[in-house]
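One structure is given below, encoded as structure tokens.
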Amino acid sequence: MYVLGVETSCDETSVSVTKDGKDVLSNVVLSQIDIHKAYGGVVPEIASREHIKGITFVFDQAIKEANITYEKIDLIAVTEGPGLIGSLLIGVNAAKVVSLNYNIPIIGVHHISGHIYASHIEEDMQFPLIALVVSGGHTELILMKEHFSFEKLGETQDDAVGEAYDKVARVLGLSYPGGPVVDKLARQGKPTYHFPRPMIDSNDFNFSFSGLKSHVINLNHNMKQRKEEINVENFCASFQEAVTDVLVTKTIKAKEQYKVKQIVVAGGVAANSGLRKKMKENITDIPVLFPKMKYCTDNAAMISIAGYHKYMKENQVDDLMLNGSSRLNLVEEK
Ligand code: KG4
Ligand code: ZN
């Protein structure tokens, strides 16, 4: 079964063709990062315009690289939300045009389900599993008892981890997106500053990162006023140490309570070297799956794979009333 995936929820225009929910035949990603860099973050209006400019080329390229024709595609899977509404609408409408033109069924996919299924490309998921979702907009612990079944155990009460990384980078005068830059500097430093580990001992699976972010901003400000020199590498290493301590501790707690067979780490922050290392060092009894780097940040292959499994589970598709939705729940609350 050939599935065409489409992802335009933020600043990547991406189309992919996958086979049988596993093999990636093509995964074309047109990133807008260099354009948004000048503004220190994603500008929604510009993102929409760039998606419009690139979408036809990205569709054509994905079909060409997969060495396939539209007539052979069995299903179109498109990110319906959450994300920037203007951006989402371009992917959804482009997908609907192809669906209508070639008479291919279409299915809307939740962006986070895509991030989780990115791990299924390389290795098979085994259930039950815990997914730690860490991206620019999400920080959640999800329990999956079977394919395409999601129970939310906890989530951030304020900022997402990726968002905190990006803010800290901005305060330190580093470029956007901040996550990879802070990660790189952290590898060159030592955690010599003491930063809080918010909610690390709380009796639930929730997170909070706004306090840590404020602490970092205030410390930076106070040191500057005292004309003390900041060791940026050590500063980044200390922030990363605090964040990853919280994420790993909470994941282990969920692993023990739900006696799962696997941990899956998903989303842009899954690319973080400190998180990868600490997870692998501290969880040795069950496998910890991290997607390949290219499947960590937004891409259509993960949407295509998730769409395949959604279709297999629910055995139904959407119609042309399918629409983009900036806010969309993945699961019922637990
Ligand atoms: O999943 P993603 O591509 O987009 C969303 O759905 O949000 O995640 C983007 C986020 C950004 O905040 C970026 O700074 C962060 O992932 N990120 C990282 C790293 N690579 C990307 N954060 C920490 N360390 C990294 N290596
Ligand atoms: Zn994402």
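Just so it is clear, the values below take in all heavy atoms, side chains as well, and ignore hydrogens, waters and symmetry mates. Position 1 is the first residue of the sequence, and the numbers go up from there. Remember, it's 1-based here, ligands and their atoms both numbered in the order they're listed.
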Q: Examine all N, O or S atoms of H138, backbone included, and report whether one is under 2.8 Å from the Zn ion (ligand 2).
A: no
For [X], is at least one N or O under 3.5 Å away from an N or O on ligand 1?
| X | answer |
| --- | --- |
| P177 | no |
| E12 | no |
| G267 | no |
| H111 | yes |

Tell me whether [X] is salt-bridged to [Y], with the criterion being a basic N under 4.0 Å from an acidic carboxylate O.
| X | Y | result |
| --- | --- | --- |
| E281 | K278 | no |
| D166 | R170 | no |
| E163 | K213 | no |
| D204 | K250 | yes |

Q: State whether the side chain of N299 and the backbone N or O of T297 hold a donor-acceptor pair below 3.5 Å, judged by distance alone.
A: yes
Q | Donor-acceptor contact below 3.5 Å, side chain D20 vs main chain K22 | A | no
Considering non-hydrogen atoms of the protein only, which is the closest contact for [atom], and what is the distance?
| atom | result |
| --- | --- |
| atom 24 (N) of ligand 1 | N272 ND2, 2.9 Å |
| atom 2 (P) of ligand 1 | D298 OD1, 3.5 Å |
| atom 17 (N) of ligand 1 | G268 O, 3.7 Å |
| atom 26 (N) of ligand 1 | D183 OD2, 3.0 Å |
| atom 13 (C) of ligand 1 | D166 OD1, 3.9 Å |
| atom 7 (O) of ligand 1 | G136 N, 2.8 Å |

Q: Closest by any non-hydrogen atom to atom 25 (C) of ligand 1: pick that one out of G179, C10, G83.
A: G179
Q.
On a heavy-atom basis, I'd like to know which of T297, V269, V181 is closest to atom 15 (C) of ligand 1.
A. V269
Q.
To make sure I understand the geometry: which N, O or S atom in H115 is closest to the Zn ion (ligand 2)?
A. NE2
Q | D298, N/O/S atom nearest the Zn ion (ligand 2) | A | OD1
(Q) I'd like to know if H138 contacts ligand 1, where contact means a heavy-atom distance under 4.0 Å to any ligand atom. (A) no
Could you tell me which atoms of ligand 1, counted from 1 in the order shown, lie closer than 4.0 angstrom to a heavy atom of [X]?
| X | answer |
| --- | --- |
| G162 | 12 (O) |
| H115 | 1 (O), 6 (O) |
| G137 | 7 (O) |

Q. Which residues pass the salt bridge (Lys or Arg N to Asp or Glu O under 4.0 Å) test with E122, sequence neighbours left out?
A. K292
Q: For E228, enumerate each residue passing the salt bridge (Lys or Arg N to Asp or Glu O under 4.0 Å) test, keeping only those at least two apart in sequence or located in another chain.
A: R226
Does any donor atom in the side chain of [X] or [Y] lie under 3.5 Å from an acceptor atom in the other side chain?
| X | Y | result |
| --- | --- | --- |
| Y70 | N101 | no |
| Y117 | H147 | yes |
| T79 | E7 | yes |

Q: Quick one: pull up CD in E233 and NZ in K190 and give me the separation to the nearest 0.5 Å.
A: 11.0 Å
